[in-house]
Amino acid sequence: NAGVTQTPKFRVLKTGQSMTLLCAQDMNHEYMYWYRQDPGMGLRLIHYSVGEGTTAKGEVPDGYNVSRLKKQNFLLGLESAAPSQTSVYFCASSFLHYEQYFGPGTRLTVT
Amino acid sequence: QQQVKQSPQSLIVQKGGISIINCAYENTAFDYFPWYQQFPGKGPALLIAIRPDVSEKKEGRFTISFNKSAKQFSLHIMDSQPGDSATYFCAAKRGSQGNLIFGKGTKLSVKP
């Protein structure tokens with residue numbers, strides 16, 4: 001039982017490049033989330049999903065897209081990376097919107 | 001109204017002391033108040049949570065105190081240990097469909 005896993009753990013991108021972050025959970029949770037964590041800013045919700053095939057915007061969705069084609073996976077895409085997207089990205093899942101289980105994070109640097 | 005304000009930003013406590021972290025909110029519709037603990041290089045993990053129908057919840061050395069009238073809640077860590085050194089986030093949510101709103105975090109260092 002791996003919980004929530006994230007791929008990759010680290011990534012360096014050049015401005016304008018694209019990439020996809022993969023989140024997988026094996027707890028059969030309906031709800032999944034993508035957050036970004038920046039120093040002094042706490043955790044800010046980017047997008048979330050309340051079930052397979054559904055997505056919704058969070059607090060800071062601009063510049064990101066998501067897809068939830070399978071219940072266990074939640075993908076976060078950056079179409080044209082910008083230095084402002086340098087951050088640590090966390091995926092989480094939950095049964096309802098209560099206890100959220102977080103992955104180990106992806107550290108992304110955009111140069 | 002959606003904000004959760006957390007203080008202090010950082011806290012240094014001697015081993016064996018009491019660590020206290022405070023959070024305040026404006027939205028009276030919030031009905032679930034968790035605290036998350038995050039160690040360096042790891043994702044946050046749920047530490048303890050409270051609902052507004054109780055004023056205090058204790059789990060081991062960790063206690064949440066909740067003051068509904070003041071719209072404040074706090075985390076108390078008794079007998080703080082170096083292993084408690086981490087970043088702590090308070091959060092709040094409204095109803096079964098509301099998302100968690102996180103505070104900005106408190107970095108706790110417990111000195112031996």
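Lettering of chains follows the sequences in order, A, B, ..., and the numbering in each one begins at 1.
In the hydrophobic clustering of ILVMFWY residues, with side-chain heavy atoms under 4.5 Å counting as a link, Tyr33(A) and Val50(A) come out together. The hydrophobic cluster containing Phe74(A) does not contain Tyr31(A), counting ILVMFWY residues as joined when their side-chain heavy atoms lie under 4.5 angstrom apart, directly or transitively. Residues Val4(A) and Leu22(A) fall into different hydrophobic clusters, defined by Ile, Leu, Val, Met, Phe, Trp and Tyr side chains chained together at heavy-atom separations under 4.5 Å. Follow the hydrophobic side-chain contacts under 4.5 Å out from Phe102(A) and you reach Phe89(B) in the same cluster. Under the 4.5 Å side-chain heavy-atom criterion for grouping Ile, Leu, Val, Met, Phe, Trp and Tyr, Tyr64(A) is connected to Leu13(A) within one hydrophobic cluster.
Tested against Pro44(B) for a side chain to side chain contact (heavy atoms under 4.5 Å, CB included), the candidates Tyr35(A), Tyr101(A), Phe90(A) yield a single pass: Phe90(A).
More than 12 non-hydrogen atoms from other residues, nucleotides or ligands lie less than 6.0 angstrom from CZ of Arg44(A). Summarising the local packing, CZ of Phe95(A) is surrounded by 12 or fewer heavy atoms from other residues, nucleotides or ligands at distances under 6.0 Å. More than 12 non-hydrogen atoms from other residues, nucleotides or ligands lie less than 6.0 angstrom from CD of Glu52(A).
Separation of atoms CD (Glu59(A)) and CG (Asn99(B)) is listed at 10.5 Å; rounding is to 0.5 Å. In this structure, CG in Leu100(B) is found 9.0 Å from CG in Leu45(A), a value given to the nearest 0.5 Å.
Ranked by heavy-atom pairs under 4.5 Å with chain B, the first of Lys9(A), Glu99(A), Arg107(A) is Glu99(A). In terms of heavy-atom pairs under 4.5 Å with chain A, the best-connected choice from Lys107(B), Lys42(B), Gln38(B), Lys104(B) is Lys104(B).
At a 4.5 Å heavy-atom cutoff, the contact between Leu43(A) and chain B is made by backbone and side-chain atoms alike. Proximity to chain B involves both the backbone and the side chain of Gln100(A), based on heavy atoms less than 4.5 angstrom apart.
The nearest pair of heavy atoms linking Tyr98(A) to Tyr36(B) is O-OH, 4.0 Å.
The shortest distance between side-chain heavy atoms of Met41(A) and Phe102(B) does not fall below 4.5 Å.
Residues from residues 53-80 of chain B never place a non-hydrogen atom less than 4.5 Å from a non-hydrogen atom of chain A.
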